[in-house]
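In what follows, chains are A, B, ... by sequence order, proteins preceding strands, each numbered from 1. Values in this document were obtained by computation on a predicted structure and should not be read as measured data.
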Amino acid sequence: MSGYSVKVVEGKYNLSGEFHTIEPNQPILDEKGKLCGITNPRRIVHHHSLGGEAPFFQAITRGRLLATRCDNKNCKDGFGSIFLPYRIHCPDCLERNTEIDVTDLANKTARVYSFMVCERSGAFNTLEKPIRFVNVEFDGVATILMSYLLGKQEPKIGMKVRPIFRTKKPTYTITDLAFVPAETAEKDLPADFTFSK
Amino acid sequence: MITFSKRQLKIPKFARDVYLVTGGNSEFRRAFPEKRTEELCIEALQEAAKYVGMTATELKKYIHTCYYGHFADHFGDQLLGEAVIHDRLGLDPLGNIGVKTGGATGGSTIWEAAKAVASGYSDCTLAMGWERMDEVPTDEGNNYISCAADKDWETPLGHIYTGYYAVMAQKYWNVYGREEESFRRTLAEISVKNHGYAYHNPFAQAGMKITVEDVLKSPVVAYPLRALDACLMSVGASCVILADKETAYQMCKQPLLLYCAAGSHTLRVADRRDMEIPLLPNETEETYKDLDKEFPGGERYPGFTGFLAARMAAYYAYNWTGIKDPCEDLDLVELHDAFTISDVQTYEDIGIRPYGRGRTYVESGDCYHTNPKTGKPGKLPANLSGGLIGCMHAVGATGIMQVVDLMYQIHGRHAEIHGDPERWKRYGKQKPKDWEDLQVKGAKRGLAISHAGVGSHVTCTIVMQPDARLDK
Ligand SMILES: [Zn+2]
């Protein structure tokens with residue numbers, strides 16, 4: 001379903017094409033033909049703003065990992081904290097954080113804090129199963145990023161990993177960022193993914 | 001290291017006491033193709049009226065404001081579903097509002113309804129919760145649930161909430177569980193227990209007599225968790241009626257005191273930052289002096305091994321009600337057993353056991369109605385309703401069902417409700433020949449934990465006989 005397009009022109013959404021399709025509903029009958037209910041089919045496309053996080057999602061399509069840092073000296077708990085997930089505002093002082101590039105830090109220090117191999121997925125899933133969820137720690141980062149592991153190796157707590165980026169055919173979602181075991185060679189990366197650029 | 005201010009840590013209180021007058025449940029099932037949601041809600045309200053010898057019409061005349069807990073509009077395919085129910089319950093012209101806090105919706109609905117009484121705005125309130133999870137295929141249901149995680153940062157990762165949740169189980173399994181086979185069996189015991197208690201509960205969806213081996217042989221959902229470690233997906237409704245003291249005693253002979261506190265933590269587990277362990281009344285700094293030496297990998301608090309929201313809900317509730325030690329001061333608990341392993345995490349978060357020692361609550365036999373090791377009453381029986389694993393998880397109703405079941409227990413009327421052969425028949429079930437009375441003898445105080453997803457919201461509701469209060 002791609003008979004539509006969404007652009008932003010002069011700060012306004014510019015929509016064209018079909019954003020929903022109409023299908024007739026059907027009755028739900030029991031074995032004796034008694035009416036129990038009806039189906040309500042619908043397919044809808046939302047358009048969603050990435051807002052102040054858009055730089056992060058654009059950067060991963062270009063092979064860079066961005067985080068943010070609170071630089072407010074008066075922020076007692078947050079000053080100097082590095083946030084990844086990229087947080088637009090500091091959760092403590094609510095000042096706008098400073099964007100920083102943590103690609104090199106991630107290449108050197110990323111390691112698995114926890115993980116889960118999940119055999120199931122929900123509707124609309126685009127990842128290959130089983131999905132290997134990994135929660136990744138980085139030196140000096142206050143938070144623990146959720147992502148997924150690609151490659152043949154099974155995840156382990158403490159395993160050293162490296163970020164990889166879907167730079168060839170990006171989806172512009174968080175799935176454009178993944179991790180592989182640190183010793184993985186460039187030639188063994190999954191299709192459409194590269195190391196940092 | 002993050003910190004909380006004194007004002008944030010203030011012990012809550014109500015401006016006046018709040019009483020639980022009555023409550024009721026519908027039956028719970030995986031699907032009700034022949035019933036609309038309103039039919040289930042009406043069933044729950046009629047149960048509540050009957051429990052105190054009133055008609056629904058009589059009960060409704062007392063209610064002044066209404067709180068409706070309903071987690072996902074998507075599941076019922078009806079925006080403002082709360083207004084539909086309010087309308088069908090015929091509760092005009094009363095002010096009413098919907099409450100949504102994911103898995104904690106039921107508990108949060110009670111929290112809101114209680115505050116309306118406590119403030120004096122209303123003398124009597126309704127807290128009604130339900131969920132309709134049977135109108136989409138399971139994988140689309142999983143997608144909807146995953147949309148309650150962060151849509152940009154988490155949902156695209158598999159559209160499967162279990163994955164976001166289970167990484168915490170993995171960390172607990174590794175650090176505190178030490179990946180021991182014996183711990184795996186302890187987890188299985190929880191499932192056996194809760195399915196077993198549900199077997200005696202006519203409302204329950206999945207009463208079963210199973211063994212540890214059955215659990216260990218059930219399909220892997222996300223290693224080490226298996227299908228029988230997980231909660232149910234359910235349809236059904238539950239409600240409670242709350243009132244101030246004067247009104248409560250006009251409505252019934254034996255109202256119970258009710259307290260409810262709430263805590264929160266980051267919606268994304270990714271955003272959890274380090275902090276000191278907030279201590280409960282039965283803990284000191286000494287309790288955790290050697291925790292990271294004893295359990296390497298447990299250096300971060302709460303990391304992924306604990307739930308701050310549950311700890312804080314207990315912190316507020318215990319210090320408020322005067323509970324020093326849950327094992328001494330409570331007679332039974334209903335916990336949010338979304339998974340067997342998160343049940344163990346909750347034992348620690350709410351101080352039934354210190355962090356790292358949760359498994360001993362099961363292994364000692366303390367969590368049973370009758371301790372299988374000694375044959376004597378369990379010290380603090382847990383989830384005698386069958387919990388989320390054995391009874392139901394109709395999200396918006398869950399936290400309310402727990403409180404209704406505690407009420408039956410504290411009134412000493414558990415067998416009257418659960419053992420009624422007519423009720424079993426009405427639900428199309430045969431009362432088991434080996435049906436057991438799970439009444440906790442002399443129960444005076446009970447606690448219920450209602451918990452959202454990865455721990456974003458948790459409520460702690462405590463109900464007790466008025467003469468058993470500890471705060472005055
Ligand atoms: Zn700050």
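With a threshold of 4.5 angstrom between heavy atoms, S146(B) does not approach chain A through any atom at all. With a 4.5 angstrom heavy-atom cutoff, S81(A) touches chain B only via side-chain atoms. Neither the backbone nor the side chain of E128(A) comes within less than 4.5 Å of any heavy atom of chain B. Looking at D271(B), the atoms closer than 4.5 Å to chain A (heavy atoms on both sides) sit in the backbone and in the side chain alike. For V221(B), the parts lying near chain A are the backbone and the side chain together; criterion is any non-hydrogen pair under 4.5 Å. Heavy atoms of E34(B) lying under 4.5 Å from chain A are absent altogether. Interface residue P156(B): backbone and side-chain heavy atoms are both found under 4.5 Å from chain A. The contact between I131(A) and chain B is made entirely by side chain atoms (from C-beta outward), counting heavy-atom distances below 4.5 Å. When heavy atoms are compared at a cutoff of 4.5 Å, Y86(A) approaches chain B by way of both its backbone and its side chain. Neither the backbone nor the side chain of R36(B) comes within contact range of chain A; no heavy atoms are under 4.5 Å apart. With a threshold of 4.5 angstrom between heavy atoms, Y164(B) approaches chain A through its backbone and through its side chain. Only the backbone of Y223(B) comes within contact range of chain A, with at least one heavy atom under 4.5 Å from a heavy atom of that chain. If you measure heavy-atom distances from K129(A) to chain B, you find no contacts under 4.5 Å at all.
Rounding to the nearest 0.5 angstrom, the gap separating the CD atom in E119(A) from the CD1 atom in I160(B) is 11.0 Å. Here the OG1-CE distance, from T162(B) to M116(A), works out to 9.5 Å after rounding to the nearest 0.5 Å. Atom CG of L50(A) sits about 5.0 Å away from atom CG of D152(B), to the nearest 0.5 Å. Going from atom CZ of R87(A) over to atom CZ of R268(B) covers 6.0 Å, rounded to the nearest 0.5 Å.
Summarising the geometry of A142(A) relative to R300(B), their closest heavy-atom pair is O-NH2, 3.2 Å, with the distance given to 0.1 Å. Closest of all the heavy-atom pairs between S121(A) and G158(B) is CB-O, 3.4 Å. Nearest approach of L157(B) to L127(A), heavy atoms of both residues: CA-CD1, 3.9 Å. W153(B) and I174(A) make their closest contact through CE3-CD1, 3.5 Å (heavy atoms, listed as atom of the first residue, atom of the second, distance).
Aromatic ring pairs are classed by plane angle as parallel below 30°, tilted from 30° to 60° and perpendicular above 60°; the pair F124(A) and H159(B) is tilted. Under the 30°/60° scheme for interplanar angles, the aromatic rings of F304(B) and Y113(A) are found to stand perpendicular.
Counted within 6.0 Å of NE2 on H74(B), heavy atoms from surrounding residues, nucleotides or ligands total 12 or fewer; the atom is thus considered open. By the neighbour-count criterion of 12 heavy atoms within 6.0 Å, atom NE2 of H48(A) is densely surrounded, having more than that number from other residues, nucleotides or ligands. For NZ of K169(A), the number of neighbouring non-hydrogen atoms (other residues, nucleotides, ligands) closer than 6.0 Å is 12 at most.
Ranking C118(A), P85(A), C36(A) against chain B, the residue ahead of the rest is P85(A), based on heavy-atom pairs under 4.5 Å. Contact tally against chain B (heavy-atom pairs below 4.5 Å) for D92(A), L84(A), V136(A), N40(A): the top residue is D92(A). Interface summary for chain B: among F133(A), F57(A), F56(A), the most heavy-atom pairs under 4.5 angstrom belong to F133(A).
Of the possible donor and acceptor atoms, one in the side chain of S114(A) sits under 3.5 Å from a partner among the backbone N and O of V167(B).
The side-chain heavy atoms of R120(A) and D139(B), taken from C-beta on, include no pair separated by under 4.5 Å. Using a 4.5 Å cut-off on side-chain heavy atoms (C-beta onward), R272(B) and T143(A) make no contact. When side chains are defined from C-beta on, M1(B) does not count as touching D77(A), because their heavy atoms never get closer than 4.5 Å.
Cation-pi geometry between R273(B) and F83(A) is not met: the NZ or CZ atom fails to fall both under 6.0 Å from the ring centre and inside 45° of the normal.
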